[in-house]
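Report on the structure given below.
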Amino acid sequence: MAATVAPVSRTTIPGLPLPDLYARVSRHVPAIEWPALAPDIEAILRLKRERNAVILAHNYQAPEIFHTVADIVGDSLALAREAVNVDADVIVLAGVHFMAETAKLLNPSKTVLIPDMGAGCSLADSITAEDVRGLRAKYPGVPIVTYVNTSAAVKAESDLCCTSGNAVAVVKSLNAPRVLMIPDEFLAQNVQAEIPEVEILTWAGHCEVHERFTPADIRDVRDSYPGVTVIAHPECPPEVVAESDFSGSTAMMMDFVVEKRPKQVVLVTECSMADNIAAQNPDIEFIKPCNMCPHMKRMSLRNIRRSLETMTHEVTVDPALADRARAAVERMLQVRTR
Ligand code: 13P
Ligand code: SF4
């Protein structure tokens, strides 16, 4: 896993005229469907000006969100870094709940909205604050690194956070012989493979999207497409990462593809990643398999528009734990990734 390369966020260009915006997504949105989407896009662009709002969108958002209305796109680390710098009054987070909560923690004076409160995450659901207190009691003195894909309550019980973009650097920064890395078991095992000198203890949480990939999937694709480049997200099982040519956060995957320009590539991750890169790189062929995240896919142009019209759903963090959760995220942001 090339975790020492810092992932980047990109500022998109949502102020273009509608025909130019359509050109950006025409490979993924059939012309017949555009008239149904264009009014929502126009309304969102207007509402962003009226509300003084920006849209932060995760790399797993569908192309019609990612390439038309998003102001900033990136992986979890980039979205956290960008949230700190937002000047606008309102942040709409086109992603999942823990990302909106992280933005609120890092920029508490802003109104943070998520278009659908049900946009959760199987990793965030896998562990509670009480579980973390139990681990702390069982392993006294062992630092606890918590993946950002968790609730603020879980972050508040942790020493610091990490993302898939900085996990190795975060663990190394502790200079500890033993580290608890929770709740993603596979991410922890993939980091362990990179830092054998540190003993990494973990938790049995999994991403429901990435846990389904198998080494047989990779071997099948290599048999069918000799020479194909395989890139796997580190939330995949270690046997899948071991069969891959590169592993990194979603932004690292994008950077790798755009820089190396493989002729054929498979992105072992959420399906919108390939669509979002393909929209701007027609010379690269993206091969399946990929899996959909049902939580990320709760976002739509329609509910982003409604969110800005009605200023819902506002994401807040319990003041009793906000300071401790913020400290864990801020400690992560202080770790240098290059
Ligand atoms: P990154 O974008 O940080 O790689 O995370 C992937 C993910 O699953 C977010 O939910
Ligand atoms: Fe959570 Fe996995 Fe969906 Fe990311 S892709 S939000 S880790 S379930």
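Along the sequence shown, residues are numbered consecutively beginning with 1. Both ligands and their constituent atoms are indexed starting at 1 by order of listing. Just so you know, these numbers use all the heavy atoms, side chains as well, and skip hydrogens, waters and symmetry mates.
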Salt bridge or not between Lys155 and Glu101? Use side-chain N to carboxylate O under 4.0 Å. no
Discussion item. So does Lys110 get a backbone contact from the side chain of Asn107, meaning a donor-acceptor N/O pair under 3.5 Å?
Written reply: no
Using a strict threshold of under 4.0 Å (side-chain N to carboxylate O), is an ion pair present between Arg46 and Glu42? no
Hits for salt bridge (Lys or Arg N to Asp or Glu O under 4.0 Å) against Glu243, two or more places apart or cross-chain, chain-then-number order -> Arg219
Within a strict 2.8 Å cut-off of atom 2 (Fe) of ligand 2, protein N/O/S atoms tallied 1
With a 3.5 Å cut-off and no angle check, do the side chains of Tyr60 and Thr269 form a donor-acceptor pair?
yes
- request: Could you tell me whether Arg261 and Asp283 have a side-chain N and a carboxylate O separated by less than 4.0 Å?
  value: yes
Just checking Phe186 against His210, ring centres under 6.0 Å apart? no
Counting from 1 in the order shown, the ligand 2 atoms closer than 4.0 Å to a non-hydrogen atom of Tyr60 are 5 (S)
Q) Is there a donor-acceptor pair closer than 3.5 Å between any side-chain N or O of Asn166 and the backbone N or O of Thr337? A) no
Applying side chain to side chain contact (heavy atoms under 4.5 Å, CB included) to Glu130 and not counting sequence neighbours gives Thr128, Arg133
Quiz item: Do NZ/NE/NH1/NH2 and the carboxylate oxygens of Asp40 and Arg306 come within less than 4.0 Å?
Solution: no
By chain and number, the residues contacting ligand 1 below 4.0 angstrom (heavy atoms only) are His58, Tyr60, Asp75, Ser76, Phe98, Met99, Asn149, Ser164, His233, Glu235, Ser249, Thr250, Met296
